[in-house]
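Working notes, structure below.
Just so you know, these numbers use all the heavy atoms, side chains as well, and skip hydrogens, waters and symmetry mates. Since the structure is predicted, the reported quantities are computational estimates derived from the model, not experimental observations. We're numbering straight along the sequence, starting at 1.
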Amino acid sequence: MSAEVQQFQVDLRGVVDLLSRHIYSSPRVYLRELLQNARDAITARREVDGGGGRIRITPLTAESGEFVLRDDGVGLTLTEVADLLATVGRSSKRDIFDLPRSDYLGQFGIGLLSCFMVADTIVIRSRSARGGASVEWTGSADGTFQVAEIDEELPIGTSVHLVPRFDADELLRPAAVHELATTFGEFLPVRVSIDSAAGDIDITRDAPFLDAAEDPEAAVGYGRDLLGASPLDVIELSEPATGTRGLAYVLPFAPPPGARQATRMYLGRMLLSERVDDVLPDWAFFVRAVIDSTGLAPTASRESLVEDAALERVREQLGAGIRRWVLELGLREPHRLAQFVAVHEVGLKSLVRHDEELARFISRWLTVETTHGTLRIGDLVERYLHIRYAQTVDEFRQVAGISPSDEVLVNGGYLYDADLIRMLPDLYPQVTVEQVDVTGELDRLDPPPLDDRDAAVALEARAGAVLAASDCSVVVRSIDRPDLAGLYVADPEVLRAIDRGRTKGITGALWGGVLDRIDQTLSSAREDDLRARLCLNWSNRVVRALVRVQDDAVFARTVQLLYIQALLAGHHPLADADRALMTSALADLVSLSAGLEGDTIPFGDAR
C-alpha cells in the first residue's frame, strides 16, 4: 500500500506572526530587508551588463497612499517571479544566480514576507536585464498572490509597493523612512536616495571605519560620535580570509561593571546589529568595534551571526590584533599604555583571573600596592622572587609596619588583587607567593634582649592593666624601626567582633540578639584570642622610658595615647569611648606636666 505524498499547507498569517514575534526584533526591519534585496539585485546586474547602482525610496504620503522602493538591479522575469516569490525562504544567492556568493546576502522570500508586518498588500513590478516583458506580482496577507505580464514598458529593475496596515503606517512615512534607511544603509556601496518635496536626499556616504588610513580624522570623528567621547586610540582590525575589517576604538572611560564587549556589525556594509557580542573575545571589553564583513554568515533574522568556524577564526584574528596593539604600545609609548591601564585596571584584573591568554600579555602592566610603593607586576616579579601578600587592607596596614625592609608585602585587599598575586607562579614560574596573617607576623618578631626581658614582661602586665577596659592586651617586641612606638594588632576575626559590638549599639533588639548569639558562640570557642593587642616597640625610646615612670597617672595616660596613636596609624575608626579616652588622656598629661594638682582623673577611673 503506497501513501500519497502531499505538501504542507502554510498559513501566511501564522508565518508573519512568527516572523514578527520570534525571528525579527521589530517591524522596523522591513526596510532593511528591502534594501538588502535591492542591493543584491544591483550586484547581480553588474555581472549581466555592468549597469545598475541606485536605490530610490518614495515614502508614504497622504496623496500617494503607498510606499515605494525602486532599484535598477537585474530585475525578474515572469518565471522567476512565479518561482521565487511563491516559495518562502528561497535564496536569491543560489536559485537565481546558480551558485553561492558572498556578494549576495539576502534571503528573498523571507525578506519579502517581513513586509507583511507593515503592509496588507505587496505589489512587485519588475523588468529583467536578460530581456522579456514587464511583470507584476501582487501578494495579500491572506496568503494569496497573482502574477501577470503587463504591457507597460518598465525600466530595468524592480519596484516594491506597500499599502500600509492600519497600525503601521507611521513606519512608512518620511521621518521614519529617513531614520531607518540611514541606520541600515548609510554605508551601502550603491546610491540610496529618498524622495522629498525639496528634491532627492542622498543618505549614503563613505564608511570612515573602512578607510582610516586615507582619512584618520574622519575615523576618529566617527569613534567620537560612537562613544560620546574621544577614544584613547584607534586600532585597525582585519581578517582577509573572510573579508572582515574595521576599527576598534579604545574606550576613554571604564565601562560599567559586568558590561560585555559589543560590536557594531555590518555585512556587506549593511547594518546587522548595533551590538553583536561574539565578534571579539570577551576580554576585549575595553574597546568598541565597528566591523564589516562579506564572509560571515547571518542568522535567519540577520540581526546576529551564525557561530561557525569562520566566526571563530575572525574572533581569534581580531583578538590577536588587539593584543598586538597592547604589546606595541608598551614598547613604543609606555606612558600611553600606563594611561590605558589606569582607566581599565579593575576590569583587566577581573578578566585575567579567568583568561590565561589575556593574563600572559597584560598582567605585567597591572599595578599593586606594596610596602615599597605602587609597583607594576612586571617590576615586582623582576625584583622579588618571593612575594608575600596580606588578604585584607586591615591586615596589610598592620603587617606593613613590621615587615622587614628587604622583603616585599603586597596589599591584596583591593578588588581582585589577592587573586592576581596568587596566580603569579603560573605566569612566572620563578616566583613564589606566601599569604601572611597578623598573628603569624607578630610571632616572627623578636622579644627584647635577655637583659631587658624582666623589664619588658613587667611593662606588658602594667600596660595591659591600663588597657583592660578597652579589651586590648599588650605585648612588647623588638621592631627594627626606632621611630615606631607601637602597633595595633588584630586579626580579621577580632576586627569583625569589634564591628559587631559597634553595630549592636545602633540596631534594634532583633539584630542585637542575633549579634549577641554570634559573639557568645565565638567567645566560647576562642575567648582568649578575640582580643586586639597593642604591640609596643622595645626599640623606641618612649617605650623604654615607660619602664622608669613611677607616677601611675602619667604612665596610664601615656599608654592610652600610644594606644590611640596606634589605632589612628592603622586607619582604624575610633569609637566614642576611644575619642573620649584620647581627649581626657591628652588633657590630663598637659595638666600633669604643668603641675596643676586636682585637675586629673584618677588612674582607676580613666576609660
Any side-chain heavy-atom pair from [X] and [Y] closer than 4.5 angstrom?
| X | Y | result |
| --- | --- | --- |
| Thr432 | Pro425 | no |
| Leu311 | Thr242 | no |
| Leu366 | Leu420 | yes |
| Val290 | Leu247 | no |
| Ile291 | Leu237 | yes |
| Val436 | Phe396 | no |
| Val343 | Leu251 | no |
| Val279 | Met265 | yes |

Row check, Phe555 ring normal vs Arg462 NZ/CZ: under 6.0 Å, within 45°: yes
I'd like to know if [X] and [Y] make a salt bridge, using a cut-off of under 4.0 Å between side-chain N and carboxylate O.
| X | Y | value |
| --- | --- | --- |
| Glu316 | Arg323 | no |
| Arg444 | Glu407 | yes |
| Glu460 | Arg477 | yes |
| Arg245 | Asp292 | no |

Heavy atoms of other groups near [X] [atom1], more than 12 under 6.0 Å:
| X | atom1 | result |
| --- | --- | --- |
| Glu217 | CD | no |
| Asp480 | CG | no |
| Arg453 | CZ | yes |
| Glu307 | CD | yes |

Would you say [X]'s side chain and [Y]'s backbone share a donor-acceptor pair under 3.5 angstrom?
| X | Y | result |
| --- | --- | --- |
| Thr374 | Thr370 | no |
| Asn537 | Ala485 | no |
| Thr183 | Glu179 | yes |
| Ser350 | Val346 | no |
| Asn411 | Glu369 | no |
| Thr371 | Leu409 | yes |
| Asp211 | Glu214 | no |
| Lys349 | Ser363 | no |
| Arg315 | Asp278 | yes |

Do the side-chain N and O atoms of [X] and [Y] include a donor-acceptor pair separated by under 3.5 angstrom?
| X | Y | value |
| --- | --- | --- |
| Thr299 | Glu303 | no |
| Arg224 | Ser230 | yes |
| Ser478 | Ser539 | no |
| Tyr389 | Arg422 | yes |

Of all heavy-atom pairs between [X] and [Y], which one has the smallest distance, and what is that distance?
| X | Y | value |
| --- | --- | --- |
| Arg481 | Ala400 | NH1-O, 4.5 Å |
| Ala284 | Ile322 | CB-CD1, 4.0 Å |
| Pro252 | Leu227 | CD-CD1, 4.0 Å |
| Ala297 | Asp308 | CB-OD2, 4.2 Å |
| Pro255 | Phe285 | CG-CD1, 3.7 Å |
| Ala532 | Tyr488 | CB-OH, 3.2 Å |

Working to the nearest 0.5 angstrom, can you tell me the gap between [X] [atom1] and [Y] [atom2]?
| X | Y | atom1 | atom2 | value |
| --- | --- | --- | --- | --- |
| Tyr563 | Ser470 | OH | OG | 4.5 Å |
| Leu562 | Leu546 | CG | CG | 6.0 Å |
| Arg397 | Leu487 | CZ | CG | 13.5 Å |
| Ile377 | Ile362 | CD1 | CD1 | 12.0 Å |
| Phe286 | Glu345 | CZ | CD | 13.5 Å |
| Met423 | Tyr428 | CE | OH | 9.5 Å |

Taking it one step at a time, do Leu296 and Leu267 satisfy side chain to side chain contact (heavy atoms under 4.5 Å, CB included)? CA-CA 8 Å; Leu296 295 178; Leu267 290 184; 4.3 Å; yes
Should the ring pair Tyr222 and Phe209 be called parallel, tilted or perpendicular, given that the plane angle runs from 0 to 90° and is split at 30 and 60?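 Aromatic pair Tyr222/Phe209 classed tilted.
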Among Leu467, Val476, Val489, exactly one meets side chain to side chain contact (heavy atoms under 4.5 Å, CB included) together with Leu534. Which residue is that? Leu467
Please determine whether side chain to side chain contact (heavy atoms under 4.5 Å, CB included) holds for the pair Ile479 and Cys535, giving the CA-CA distance in whole Å, both sets of side-chain angles, and the decisive distance to 0.1 Å. CA-CA 10 Å; Ile479 304 173; Cys535 178; 4.1 Å; yes
Run the side chain to side chain contact (heavy atoms under 4.5 Å, CB included) test on Trp325 and Val250 for me, step by step, so that the C-alpha distance in whole Å, both residues' side-chain angles and the decisive distance to 0.1 Å come before the verdict. CA-CA 11 Å; Trp325 169 80; Val250 182; 3.8 Å; yes
Where do Trp538 and Asp452 land on the side chain to side chain contact (heavy atoms under 4.5 Å, CB included) test, with the steps shown first? CA-CA 9 Å; Trp538 190 253; Asp452 300 329; 3.1 Å; yes
